[in-house]
Amino acid sequence: MRRPFIAGNWKMHKTVSQAVALVDELIELVGGDQGVEVVVAPPFTALYPVAQRLKGSNLKLSAQDCFWEEEGAYTGEISPPMLADVGCAYCIVGHSERRHVFGEGSDEVARKARALLAHGVSPIVCVGETLDEREEGRTIKVVGSQLQGSLEGLSQKDMVKVVIAYEPVWAIGTGRTATPYQAQDMHAFIRGWLGDSFGGGVASSTPILYGGSVKPDNIRGLMAMDDIDGALVGGASLKASSFAQIIEGGKG
Ligand code: 13P
């Protein structure tokens, strides 16, 4: 049985004081919840203060990106051991904004995923097609090749710690969610791909999250689908009340 998994990606939002205020409200609303894996991904500057607040709650901490080296002359970068040290259980990699705004490729995503796993941090690996790719009928091909490239070099044992997020680029921040059926089709494809590549055990245990304009009023329809295990939420995770409603809806 896969446990529902709801993660909030705060992107480039929240100062330290705003982040602490948001997480305090969330702990109040959902901090004792046992039924859902709840994760927050603040910006780097807020990771440490948020980690302090999360102690003793059921909420887990995630970073939004990392570099793959452990340390060195890499100005501006943050390494997996630094994230582990600050208390991150997870780190998002290959988010579409990293791929499209910063030109990251799947080979880099895989290097990051491997480096995180070596330090006990679970990667949340994002994949998803653009609107043009969908309209040209290339969705399966694009997502299949992103999976192949982004999970390159990972073993069956590594996969036990990996979370996949399917985020169609055309649904991110646009208010245009994939329908539950469109999302389910892709989640079923991803689960099948995991089965072919890593075996049935990995396919049935890997959480596959949907991301793209998830809101309190559409979470239940998405969660009702067999292969949708949770959500990676952007905009609606920036307010405690709407994120808490999504967590409630995530219980199905
Ligand atoms: P929105 O929920 O704002 O569409 O963002 C989705 C996303 O990119 C989460 O990582």
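Read the numbers this way: they start at 1 and go in the same order the structure lists the ligands and their atoms.
Those atoms of ligand 1 that come under 4.0 Å of a heavy atom in Gly212, given as number and element, are 4 (O), 6 (C).
In terms of polar-atom proximity, Gly235 is counted as a contact of ligand 1, with an N or O under 3.5 Å from an N or O of the ligand. Between His95 and ligand 1, at least one pair of N/O atoms sits closer than 3.5 Å. Between Ala236 and ligand 1, not a single N/O pair is under 3.5 Å apart.
Nearest to atom 2 (O) of ligand 1 among the protein's heavy atoms is Gly234 N, 2.9 Å. At the top of the distance list for atom 9 (C) of ligand 1, counting protein heavy atoms only, stands Glu167 OE2, 2.9 Å. Scanning all protein heavy atoms for the shortest distance to atom 4 (O) of ligand 1 gives Gly173 N, 2.6 Å. In terms of protein heavy atoms, atom 5 (O) of ligand 1 is closest to Lys11 NZ, 3.3 Å.
Proximity of Ser213 to ligand 1 is established by a heavy-atom distance of less than 4.0 Å. Under the 4.0 angstrom criterion for non-hydrogen atoms, Lys215 is not in contact with ligand 1.
Residues passing the side-chain contact (heavy atoms from CB on, under 4.5 Å) test with Gln182, sequence neighbours excluded: Arg134, Trp170, Ala178, Thr179.
Side-chain contact between Val39 and Leu61 is absent, with no heavy atoms from C-beta onward closer than 4.5 Å.
A salt bridge between Glu97 and Lys11 is present, with a side-chain N of the basic residue lying under 4.0 Å from a carboxylate O of the acidic one. Lys112 and Glu104 are joined by a salt bridge, as a carboxylate oxygen and a charged side-chain nitrogen come within less than 4.0 angstrom of each other.
Annotation: the span from Ile228 atom CD1 to Tyr210 atom OH amounts to 8.5 Å, rounded to 0.5 Å. Summarising the geometry, atom CG belonging to Leu26 is positioned 6.0 Å from atom CD1 belonging to Ile247; distances are rounded to the nearest 0.5 Å.
Of the heavy atoms in Asn9, only side-chain atoms (C-beta onward) come closer than 4.0 Å to ligand 1. When heavy-atom distances to ligand 1 are checked against a 4.0 Å cut-off, Ala165 has no atom that comes that close, whether in backbone or side chain.
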